[in-house]
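Because the structure is predicted, anything quoted here is derived from the model rather than measured.
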Amino acid sequence: MRTALLRKLEINVAEAEKRTGKNTVNMQETYTVYLIEIRPAETVPEGGTPAAPDTLWRRYSEFELLRTYLLVTYPYVIVPPLPEKRAEFVWHKLSADNLDPDFVERRRVGLENFLLRVASHPVLSNDKIFFLFLTEVSNRTHIYTYADSRLKSLSAMFRVKNPDKRFTALKHYSDELNTVISQLLRVRARVADRLYGVYKVHGNYGRVFSEWSAIEKEMGDGLQSAGHHMDTYAASIDDILEEEEHYADELKEYLFYTDAVRSVCRKHELIQYELEMAAQDLAHKKQQKEELATGTVRIFSLKGMTSKLFGQESQEQRESRLATLEQSIREGEETVKEKNAECQEFVRTAWEDIERFKEQKDKDLREALIGYAIMQISMCKKVWISMGCFSFCPQFKMHKNVFMFGPDLLLL
């Protein structure tokens, strides 16, 4: 969806750069900054020169502050997640170091995706602080103070008496989606480890065949060609797993999206809890008024015991208390009315965004899984083409049924 912001601006995170400086406690640290580029989204005439982009550098921690601000300012919105701060679900060839160049590059892509997700959101794209984040050095302290004052209430747990079944089901679905994607990423990391080992072991055939070709006359060229194809096969795994990592990062985005969904559910629980507490307080005050008016006490109370010990209140005292209670009841009724309206409005706006998110999720995950399947088919075709070249080497025909090369390849 192209919002008004994306119709006016092109946004990208162009590069990453490692820097060294002093942190808040005056200690030397190494960190990474990312270059944000924005330029007018206008058609450049043929032969013309596109406008130079406006640029600024941002640290990952600044992206975190921006997201926290969006999270507490728009509690009814499923705020897009940031890429992982440290590598998760890694296999042995990938580094878990957050300064590793490959990891930094994947994070750069993830941060650009985050900005584009926010810029394409019908609500978040209109936020003034987000625009300032893209165009000038914003006041970090202002964002942090505003966000931190409200974040604590979102992280608290509340047990409501009458939970909304739709949000309960959504929270349950989010938990299950988190579990399924986590398991999928763990399996994929294990498979990547084993696949990498299988391919690299096949590289040993290349060395053996090359050495063997030196002592054969009739089969020498065939063995040399076989060794070359085995080397090509072994080296192909690096590109294959690098492309797989792209699809793994797409799954990770929706793994982190589940936290954003749960955040919306927690906010609804908070609003529902406040409504129930306001209604309970109002009911208590109405009961107090009834007891005071009739002179009967339904339950044991300190006030009732005091009256028995020291005598009843005077008529003037009772009327004064009744007037105070009536005023408090009117205020309580207004509070319940406001909280009820707030709850209804939150449900309406949140469910609109939830429906938008569901459509986006279905589309993205379908495309990612189809793309992954196509990549696997393409990989298998390349392997069989490579091994087909090996099988049909003229010098190797008499011996092609003799050798089996590991569990995956058999020359027929």
Side-chain donor-acceptor pair present, [X], [Y], cut-off under 3.5 Å:
X: Glu176; Y: His172; result: yes
X: Glu269; Y: Tyr273; result: no
X: Tyr74; Y: Asp353; result: no
X: Tyr34; Y: Glu62; result: no

Nearest non-hydrogen partners of [X] and [Y], listed with the distance:
X: Gly332; Y: Leu282; answer: C-CD1, 4.1 Å
X: Leu124; Y: Pro80; answer: CD1-CD, 3.8 Å
X: Cys265; Y: Leu170; answer: SG-CD2, 3.9 Å
X: Tyr247; Y: Ala368; answer: CD2-O, 3.4 Å
X: Val13; Y: Leu111; answer: CG2-C, 4.1 Å
X: Leu275; Y: Asn340; answer: CD1-N, 3.7 Å

Side-chain touch [X]/[Y], heavy atoms, less than 4.5 angstrom:
X: Thr324; Y: Ser328; value: no
X: Leu66; Y: Phe114; value: yes
X: Leu255; Y: Leu185; value: yes
X: Leu70; Y: Val77; value: no

SB check [X] [Y] (cutoff 4.0 Å):
X: Asp193; Y: Arg190; answer: no
X: Lys285; Y: Glu326; answer: no
X: Arg59; Y: Glu29; answer: yes
X: Lys358; Y: Asp362; answer: no
X: Lys339; Y: Glu274; answer: yes
X: Asp238; Y: Lys200; answer: yes
X: Arg207; Y: Asp231; answer: no
X: Lys363; Y: Glu367; answer: yes
X: Glu15; Y: Arg108; answer: no

Would one find more than 12 heavy atoms of other residues, nucleotides or ligands at under 6.0 Å from atom [atom1] of [X]?
X: Phe131; atom1: CZ; value: no
X: Lys361; atom1: NZ; value: yes
X: His246; atom1: NE2; value: yes

- Phe167 meets the ring pair (Phe, Tyr, Trp, His ring centres under 6.0 Å) criterion, sequence neighbours left out, with His268, Trp351
- Message: Check for me whether Arg58 meets the cation-pi criterion with Phe133, that is, NZ or CZ under 6.0 Å from the six-membered ring centre and within 45 degrees of the ring axis.
- Response: yes
- Let me see the working for Arg348 and Glu345 under salt bridge (Lys or Arg N to Asp or Glu O under 4.0 Å), right down to the final yes or no. CA-CA 5 Å; Arg348 184 188 66 80; Glu345 178 64 14; 2.6 Å; yes
- Which word best sums up how the rings of Tyr205 and Phe209 line up, parallel for under 30°, tilted for 30 to 60°, or perpendicular for over 60°? parallel
- Parallel, tilted or perpendicular: rings of Phe357 and Tyr254 (30°, 60°): tilted
Would you say [X]'s side chain and [Y]'s backbone share a donor-acceptor pair under 3.5 angstrom?
X: Ser210; Y: Gly206; result: yes
X: Glu211; Y: Val208; result: no
X: Glu276; Y: Asn162; result: yes
X: Asp54; Y: Ile38; result: no
X: Thr3; Y: His121; result: no
X: Ser174; Y: Thr258; result: yes
X: Arg107; Y: Lys85; result: yes
X: Tyr60; Y: Pro83; result: yes

- Message: With salt bridge (Lys or Arg N to Asp or Glu O under 4.0 Å) as the criterion, how do Lys286 and Glu291 come out once you've worked through the C-alpha distance, each side chain's angles and the decisive distance to 0.1 Å?
- Response: CA-CA 9 Å; Lys286 287 182 176 180; Glu291 291 175 352; over 6 Å; no
- Can you pull the salt bridge (Lys or Arg N to Asp or Glu O under 4.0 Å) pairs that have at least one residue in residues 65-75, sequence neighbours excluded? none
- Query: Is the distance between the ring centroids of His202 and Tyr199 under 6.0 Å?
  - Reply: no
- Could you give me the CA-CA distance, side-chain angles and deciding distance for Gln327 and Arg330, then say whether side chain to side chain donor-acceptor pair (under 3.5 Å) is met? CA-CA 5 Å; Gln327 176 62 28; Arg330 285 193 293 270; 2.7 Å; yes
- For salt bridge (Lys or Arg N to Asp or Glu O under 4.0 Å), just list the numbers for Arg19 and Glu17, CA-CA rounded to whole Å, side-chain angles, deciding distance to a tenth of an Å, and then say yes or no. CA-CA 6 Å; Arg19 293 183 182 177; Glu17 182 179 290; 2.9 Å; yes
